[in-house]
Amino acid sequence: MTIDTTFQIPEVEISPKAQAFLDKSKKCLIDGKWVDSASGKGFSVFNPANGSIIDMAPAGDKEDIDAAVNAARKVFDDPSHSWNTMTPSERGKLIWKIGDLILDNADELAEIESIDNGKPMAVAKVADVPLSADLFHYMAGWATKIEGNTIPISVPYAPGAKFHAFTTREPVGVIGQIIPWNFPLLMAAWKLGPALATGNCVVLKPAEQTPITALRLGEILQEAGVPDGVVNIVTGMGETAGAALAAHDEVDKVAFTGSTEVGKMIVQAAAGNLKKVTLELGGKSPNIIFKDTANLEQTIAGAASAIFFNHGQCCCAGSRLYVEKDIYGEVVDGIADAAKQIKLGPGLANDTEMGPLVSDEQLCRVTDYMNAGQEAGATCVTGGSRLGEQGYFVSPTLFKDASEDMSIVREEIFGPVVVASPFEDVEEIIERSNDSTYGLAAGIWTKDIAKAHRTAARLRAGTVWINCYNIFDSALPFGGYKQSGWGREMGHEVLDLYTETKAVCIGL
Ligand code: NAI
Ligand code: MG
């Protein structure tokens, strides 16, 4: 691996409030109580900017998952429990309050997210934290709008008979939620918001790389008044706590975000009791720039941000950059310049634009791809190395001259690595864009609005951004075609996946 040893990391200071939360002994939240793991074991949480240990979290395992599922089950199965007798309006107000409390604690949440994950605190402040709050505010409004239908029926074998038929929407039950480390707080919000709006009970397992903000969110849920046992949080490894949750017979649904590889394991684990499964998995999203794009400078900035935002650790990252031949050279030069100008550093430094990757494991994974690209014969225009020997920094990287069968073109890298390639016509680029096992997102840049629509309609992807990229909103459904997942997060679409429909038919 090439290492640029000139890279220096400035000293940063942690605020007393964030330090106080880090210093607090971390426990799991089970049945409203903060408890150690049953085994008494813990695992280390690292600061990706320097590799130091910043905290310990309980290493939850099957026994802890059992206790958490039992707590959730006990609430869900008790019709007289306050969670089940609460009116939709009361539930909506409670969920709204979670959003308010997230905003009240925005600075602290952004700081601990930055320390835990490595992302710039300034980004967490304007994106992760307000988006998390907004998700709860948005879902709060839905609590009073979970409606069924009245359905006129004909029943051919009962001529003359009259019926009154309608549907109701009921919570699915106990939901296991397993989330990743790239947007730890926001992924917890995406999962918890709809589950709570529809009246479910939850066991949440945060990623082992980034368990800290989920535990702080647990405190916020308690402060908002979420009853004991409705949301349980168990930290631990995927192979132990995560696997136990996915396989648990008393869990009615598992919602997972992470790698496609583990997504397939979740499906297998869920087969035991045929629990419902939703999956938000990987991507290798094409970002297509036509030569008639409105403003080349803005397009280049947008395409750079499509891959470099959050250090490329986005399932929807625009990692396959396709540029119409006439402007290919100019775009490649522009992206390379943009990559070189990105200021890397620890998330807590004010001028940091890109932090370290989340873990040593991801550092190895991403640098292995950088090496594989070079060994396969692709040209590394810029980047391609680790930065410094401390922390998990890599340089924003641009490849060109790659063939479509190379791993850097086909596989999700989940780092700041983009591969640029020229194209000549629309049909060709639609085919190449769709030539992927993934189908999460895509980008199109053109001022020909008819061409944009025609192309968008043909792309097999859950999200298509036209003349923009990475635009997220609580009201906009997000999820994947093909091996990028099952189901959608956010919007009203997600509510269907947290409710069962009951058809009721009354003979009159
Ligand atoms: P992962 O899929 O292993 O981890 C995601 C979550 O699943 C974590 O909470 C983890 O503890 C849990 N998990 C792991 N193994 C499990 C199992 N057997 N049963 C139940 N839960 C399990 O992802 P990882 O290893 O952290 O990252 C590897 C690659 O996955 C990344 O390089 C990236 O390509 C992809 N990824 C995609 C994400 C997305 O947003 N779609 C998020 C994170 C990773
Ligand atoms: Mg893994």
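Quick note: residue numbers are just sequence positions, from 1. Ligands are counted one by one from 1 in listed order, and the atoms in each one are counted from 1 as well.
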Scanning both residues in full, the closest heavy-atom pair of Ala71 with Asn232 reads CB-OD1, 3.7 Å
* Asked: Judged by non-hydrogen atoms, does Trp181 sit under 4.0 Å from ligand 1?
  -> yes
Within 4.0 Å of some non-hydrogen atom of Ala243, the atoms of ligand 1 are 19 (N), 20 (C)
Tell me whether Gly258 has any N or O atom under 3.5 angstrom from an N or O of ligand 1.
yes
Quiz prompt | Ion pair check, Arg386 and Glu389, cut-off under 4.0 Å | solution = no
If you scan protein heavy atoms around atom 8 (C) of ligand 1, the nearest is Ile179 O, 3.5 Å
Regarding Trp181 and Asp116, is there a side-chain donor-to-acceptor distance under 3.5 Å anywhere?
-> no
Yes or no on side-chain contact (heavy atoms from CB on, under 4.5 Å) for Leu192 and Gln177, after CA distance, side-chain angles and deciding distance?
CA-CA 8 Å; Leu192 289 171; Gln177 302 187 320; 3.5 Å; yes
I would like to know whether Val417 and Met370 meet side-chain contact (heavy atoms from CB on, under 4.5 Å); could you show each step before the answer?
CA-CA 8 Å; Val417 182; Met370 290 172 167; 3.9 Å; yes
Item checked: Modelled atom types, side-chain donor and acceptor of Asp134 and Ser474, under 3.5 Å -> yes
Polar proximity ligand 1 side, Phe414 side, N/O cut 3.5 Å exclusive
no
Nearest heavy-atom contact between Gln374 and Gly384 is NE2-O, 3.7 Å
Short version for Ala246: what comes under 4.0 Å of ligand 1, heavy atoms counted, is neither
Item checked: Backbone N/O of Pro346 and side chain of Thr352: donor-acceptor pair under 3.5 Å -> yes
Check whether any protein heavy atom sits under 4.0 Å from atom 11 (O) of ligand 1. yes
* For the rings on Trp486 and Phe256, is their centre-to-centre separation under 6.0 Å? -> no
The protein heavy atom nearest to atom 27 (O) of ligand 1 is Gln362 OE1, 3.7 Å
Nearest non-hydrogen contact to atom 15 (N) of ligand 1 from the set Asn182, Val262, Leu279 belongs to Val262
Atom 41 (N) of ligand 1 sits nearest the protein heavy atom Leu281 O, 2.9 Å
shortest atom 14 (C) of ligand 1-to-protein heavy-atom contact is with Gly238 CA, 3.5 Å
One finds that the ligand 1 atoms under 4.0 Å from a non-hydrogen atom of Ala207 are 9 (O)
Near Ile178 (heavy-atom distance under 4.0 Å), the atoms of ligand 1 are 6 (C), 7 (O), 9 (O), 12 (C), 20 (C), 21 (N)
Per-atom filter on ligand 1: closer than 4.0 angstrom to a heavy atom of Ile266 are 20 (C)
Counting from 1 in the order shown, the ligand 1 atoms closer than 4.0 Å to a non-hydrogen atom of Met265 are 18 (N)
Is the closest heavy-atom distance from Glu261 to ligand 1 below 4.0 Å?
-> no
Taking only non-hydrogen atoms of Thr257 and a 4.0 Å limit, the atoms of ligand 1 in range are 5 (C), 40 (O)
Quick note, salt bridge (charged side-chain N to carboxylate O under 4.0 Å, His left out) partners involving residues 480-499, not counting sequence neighbours, are Arg169-Asp496, Lys191-Glu489
Closest heavy-atom approach to atom 2 (O) of ligand 1 among Ser259, Gly485, Gly415, Gly312 is made by Ser259
Indicate, with yes or no, if the rings of Trp190 and Phe183 have centres closer together than 6.0 Å.
-> no
for atom 7 (O) of ligand 1, nearest protein heavy atom and its distance come out as Phe256 CE1, 3.1 Å
Identify whether the distance between the nearest side-chain nitrogen and carboxylate oxygen of Lys27 and Asp36 falls below 4.0 Å.
yes
heavy-atom search around atom 25 (O) of ligand 1 in the protein gives Arg365 NH2, 4.0 Å
**Message:** Ignoring hydrogens and geometry beyond distance, is a side-chain donor-acceptor pair present between Glu412 and Tyr438 at under 3.5 Å?
**Reply:** no
Ligand 1 atoms nearer than 4.0 angstrom to some heavy atom of Gly242 are 19 (N), 20 (C), 21 (N)
I'd like to know if the side chain of Thr213 pairs up with that of Glu113 as donor and acceptor (distance under 3.5 Å, no hydrogens or angles considered). yes
Q: Would you please determine whether Gln313 falls within less than 4.0 Å of ligand 1 on a heavy-atom basis?
A: no
Hits for side chain to side chain contact (heavy atoms under 4.5 Å, CB included) against Asp66, two or more places apart or cross-chain, chain-then-number order -> Lys62, His248
(Q) Would Cys315 count as a polar contact of ligand 1, with the cut-off being nitrogen or oxygen pairs under 3.5 Å? (A) no
Looking only at protein heavy atoms, what sits closest to atom 42 (C) of ligand 1 is Pro180 CB, 3.3 Å
One finds that the ligand 1 atoms under 4.0 Å from a non-hydrogen atom of Glu412 are 33 (C), 34 (O), 35 (C), 37 (C)
